[in-house]
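Every chain is numbered from 1 and lettered A, B, ... according to where its sequence line falls, protein lines coming before strand lines. Quick note: numbers below take in every heavy atom, side chains included, and nothing from hydrogens, waters or symmetry partners.
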Amino acid sequence: MYRLFDTLFTAYGPQHWWPADSSEEMMIGAILVQNSSWQQVSSVIQQLRQQQLLSFLLIRQLPAETWWQLLHPVGFFRVKHRRLKALADFMAHFADQPSQLFQSDSQSLRQALLAIPGIGKETADAILCYGAQRPLFVVDKYAQRLFSRLQWCTEITDYDTIQQMVHAALPADAALLGELHALIVQHGKLHCRKQANCPGCPIPFCPAALGIVS
DNA sequence: TACCAGGAGAAAA
DNA sequence: TTTTCTCATGGT
């Protein structure tokens with residue numbers, strides 16, 4: 001796992017995740033990016049920032065139709081508004097201050113986030129890692145695909161097993177685990193796409209890149 | 001044209 | 001319990 005991190009870091013350099021100006025923006029972005037490209041989400045967030053709409057309060061106050069229009073470019077705009085609303089309702093219990101929410105220990109924080117409709121393990125761990133600086137590896141399709149091609153797991157290995165594998169191999173360091181996830185996403189976009197044949201893959205020990213397996 | 005993107009949850013089997 | 005379907009726009 002260290003070798004993978006070093007290889008990816010050498011190839012791509014620091015990724016500077018999560019690209020957000022505040023924890024509030026980070027949490028909103030985590031919902032918006034679900035099953036969507038960051039390119040689309042980034043432009044929407046930029047618009048929201050310019051209009052000073054990146055606020056849990058305004059998510060609660062403005063009518064759904066307004067948010068549907070604002071979120072339209074990222075897709076799933078009705079679903080994502082509903083999820084943002086659920087998150088904003090939850091944050092009202094913490095005066096809309098992520099810093100208040102993040103005072104809890106990691107386990108109860110994760111359970112609380114997972115209890116919010118629309119926040120699953122990946123989104124919860126992203127908020128914990130990048131928002132609250134907790135040492136949790138975010139498992140996504142890119143990680144599963146890469147580890148599968150490295151023959152460290154299969155394509156149906158579940159989230160918890162993959163996460164535990166990474167946690168067992170690396171120190172409990174939020175910056176390190178966050179950087180690894182970001183590097184894997186960057187690598188996935190460039191060389192490890194779903195139906196790609198890994199052209200130009202910088203991982204010398206990847207069986208798929210070597211053509212050993214498909 | 002078809003596939004895919006920094007998922008999650010409900011419904012069906 | 002596991003698999004399938006739904007949500008939806010935009011880039012490649």
Under 4.0 Å from a heavy atom of chain A: give me the 5'-most and 3'-most nucleotides of DNA chain C that qualify. dC7(C) to dG11(C)
Do Trp18(A) and Trp38(A) have ring centroids that are under 6.0 Å from one another? yes
Under the ring pair (Phe, Tyr, Trp, His ring centres under 6.0 Å) definition, can you give me all pairs with a residue in residues 98-128 of chain A, not counting sequence neighbours? none
With rounding to whole Å, what would you report as the distance between dG6(B) and dT6(C) at their P atoms? 23 Å
Is it true that Lys85(A) and Asp89(A) have a side-chain N and a carboxylate O under 4.0 angstrom from each other? yes
Distance check: side-chain N/O of Arg145(A) vs OP1/OP2 of dA5(B), anything under 4.0 Å? yes
Partner residues of Thr66(A) under the side-chain hydrogen bond (donor to acceptor under 3.5 Å, both in side chains) criterion, sequence neighbours left out: none
Given the P atoms of dA8(C) and dA11(B), what is the spacing between them in whole Å? 16 Å
Check each residue of residues 60-74 of chain A for a non-hydrogen atom within less than 4.0 Å of any atom in DNA chain B, then write out the ones that pass by number, or none. none
Quick one: closest heavy-atom pair of Gly131(A) and Ser23(A), and the distance? O-OG, 3.9 Å
With sugar-phosphate taken as primed atoms, P, OP1 and OP2 and all else as base, the protein-contact string of nucleotides 6-11 of chain B at under 4.0 Å (heavy atoms; B, S, -) is BBBS--
Check whether Arg145(A) reaches the backbone of Cys192(A) with its side chain - one donor and one acceptor, N or O, closer than 3.5 Å. yes
Kindly indicate, with the supporting measurements, whether the criterion side chain to side chain contact (heavy atoms under 4.5 Å, CB included) is fulfilled by Leu8(A) and Glu179(A). CA-CA 10 Å; Leu8(A) 295 178; Glu179(A) 190 69 59; over 6 Å; no
Which residues share a side-chain hydrogen bond (donor to acceptor under 3.5 Å, both in side chains) with Arg49(A), sequence neighbours left out: Asp21(A), Glu25(A)
Name the orientation class of the two ring planes belonging to Trp152(A) and Phe205(A) (parallel below 30°, tilted from 30 to 60°, perpendicular beyond 60°). parallel
Could you tell me whether the side chain of His167(A) and the main chain of Phe137(A) form a donor-acceptor pair under 3.5 Å? yes
